[in-house]
Student: 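Attaching a single structure in structure tokens format; questions to follow.
Position 1 is the first residue of the sequence, and the numbers go up from there.
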Amino acid sequence: MSSPSPSEAAYDRMRLRQWSRGRARSAGVDRRDLLRLITAASLAAPLLPAGAPAARAAVAPAGIVKPLPPEVFTVRGTNAETNFAALRGTGLLTPADRFFVRNHTATPLIDAADWRLTVWGDGLEGGPVDFTYEALRALPSVSRTAFVECAGNGRSFFTSQQGQQVSGTAWTLGAIGTARWHGVRLAEVLRAAGIGRRAVDVLPRGLDAEVVSDGTNLGRVRRPLPVAKALDDVILAYEMNGEPLPRDHGAPVRLIVPSWVGIANIKWVGDIEVSAEPLLTPWNTGLYRLFGPGHPPEGSAPLTRQTLKSAFELAPGASFAARRRHLLTGRSWSGGAPVRRVEVSTDGGAVWRRARLRDEPRAGSWVRWTADWVPRTTGPGVLLARATDRSGRTQPVTAAHNTQGYLFDAVVRHPVTVV
Ligand SMILES: Nc1nc2c(c(=O)[nH]1)N[C@H]1C(S)=C(S)[C@@H](COP(=O)(O)O)O[C@H]1N2
Ligand SMILES: [Mo]
């Protein structure tokens, strides 16, 4: 589901009301700067064509440290998108060397031995509490398979399929990866730090550089979590797929917030404020809300859960020999509920048939699927895949527009050629 639960929306309306009466705090950013961001968010700037940034930036961005071979990644500004074709043959888990990277600035180098996590704020019973890397690793640990997906994943299709203007990185469908994360429950750390009953918001902050956008310093990447989510299934992860967290993915420690928008999964976390007041930052005000017609001027409630999507593990424009049997493969996922069924159409949407699911559908993860195809006629064609989740939602034909192109959920038309 793309919309937050009614209680989350009500909580947010309260947060904004309190803010306008001076009872919520803009955490680390000027009040006027926040208002300016909210106003700017309601205007969509034209999106660069999906192919253009990649063509221009053949050179890897300096900010990402792992190799970015062009057959695996498409570089977009400071970010690297996974090419879905490069996931064919990989398992349920995305290997770290194929996992997309979304950096607001650049990957920092942090030595685990010098690293500290400081938990502080007026929502604690006592003063600030520090955890070293060793202390964190000594706490009881958990493992969890979860995808991390950017809220703007699929954004370029607002423009290429729907002819609409949106601003932001022109992702196709590869701003997602699924990994096995290992670490400590955030609840464990918050309790050890003495979280009190007055706590309402929990604000983890990254150690990467401050973000400057259009001349405004937004400060370090940070986004409040309501205390209920923070105490639920959130993990402070220090391992990814059985290895220490790689540098680009938040080493030594990052948040994993299952099913929620990528931005909630703060990398390189250095401190966590526990607040008795609701908190607002650029990442839950001007950013990561829905703006535009049909939404209030201050935007929707902040985005929480991801939506429903499907992708073929295939390059755009891939070619297939006519009258041969081909195995189409892909993946579907939803932040709302486990995937229930996936259908595939090879004739532009006239006939749909069930794909075979290769994984047991689970909340917060994706499923791999396959379908056979024997193309009969040569020429250009289009492949479609559409998922339904257990909440009953099916991917629509058109996604609801919003100025920043978040939560694209429509069926994507995948062009192919039959030769
Ligand atoms: N500190 C910090 N955390 C961050 C970001 C960032 O730039 N800095 N980017 C966020 C966004 S927008 C996304 S989509 C995910 C991407 O995680 P990944 O780079 O490990 O794939 O990290 C989130 N956490
Ligand atoms: Mo993101």
Student: Examine the side chains of R340 and S334 and answer whether a donor and an acceptor come within less than 3.5 Å of each other.
Tutor: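 Note: R340 and S334 side chains miss the donor-acceptor criterion.
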Student: Flag the pair W171 / F157 as yes when their ring centroid distance falls below 6.0 Å, and as no otherwise.
Tutor: no
Student: Within 45° of the ring axis of W181 and under 6.0 Å from its six-membered ring centre, is that where the NZ or CZ of R254 lies?
Tutor: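 Yes, R254 sits over the ring of W181.
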Student: Would T417 and S319 count as having a side-chain donor-acceptor pair, cut-off 3.5 Å?
Tutor: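 No.
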Student: Would you list the pairs meeting salt bridge (Lys or Arg N to Asp or Glu O under 4.0 Å) in which at least one residue belongs to residues 118-143, sequence neighbours left out?
Tutor: R137-E239
Student: Could you go through F131 and W115, starting from their C-alpha distance and side-chain angles, then the distance that decides it, and tell me whether this counts as ring pair (Phe, Tyr, Trp, His ring centres under 6.0 Å)?
Tutor: CA-CA 9 Å; F131 297 83; W115 177 85; 8.8 Å; no
Student: Taking the six-membered ring for Trp, are F312 and F84 closer than 6.0 Å centroid to centroid?
Tutor: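 They do not qualify: ring centres at least 6.0 Å apart.
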Student: Ignoring hydrogens and geometry beyond distance, is a side-chain donor-acceptor pair present between T307 and R393 at under 3.5 Å?
Tutor: yes
Student: Quick check: does any side chain N or O of R98 sit under 3.5 Å from a backbone N or O of A86, one acting as donor and the other as acceptor?
Tutor: yes
Student: Does CZ belonging to R116 count more than 12 external heavy atoms closer than 6.0 Å?
Tutor: yes
Student: Taking the side chain as every heavy atom from C-beta outward, state whether I110 and P252 have any atom pair closer than 4.5 Å.
Tutor: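 With C-beta onward as the side chain, the pair touches.
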Student: D201 and S275: side-chain donor and acceptor closer than 3.5 Å?
Tutor: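 No, no side-chain donor-acceptor pair sits under 3.5 Å.
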Student: Answer whether the closest heavy-atom distance between the side chains of H182 and Y238 falls below 4.5 Å.
Tutor: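 Yes, their side chains come closer than 4.5 Å.
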Student: Taking atom types as modelled, is there a side-chain donor on T398 or Q162 under 3.5 Å from an acceptor on the other?
Tutor: no
Student: Among R356, R88, R358, find the residue that satisfies the side-chain contact (heavy atoms from CB on, under 4.5 Å) test when tested with R368.
Tutor: R358
Student: Output yes when a side-chain donor or acceptor of D409 lies under 3.5 Å from a complementary backbone atom of P396, and no otherwise.
Tutor: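 No.
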Student: To the nearest 0.5 Å, what is the distance between CZ on R324 and CH2 on W373?
Tutor: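 Separation between the atoms: 14.0 Å.
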Student: At what distance, to the nearest 0.5 angstrom, does CG of D389 lie from OG1 of T394?
Tutor: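 Those atoms lie 8.0 Å apart.
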Student: Between R222 and E273, is the closest basic N to carboxylate O distance under 4.0 Å?
Tutor: no
Student: Would you say that more than 12 heavy atoms from the other residues, nucleotides or ligands in this model lie under 6.0 Å from the CZ of R390, or not?
Tutor: yes
Student: Could you tell me whether a side-chain N or O of N284 sits under 3.5 Å from a main-chain N or O of T281, the two making a donor and an acceptor?
Tutor: yes
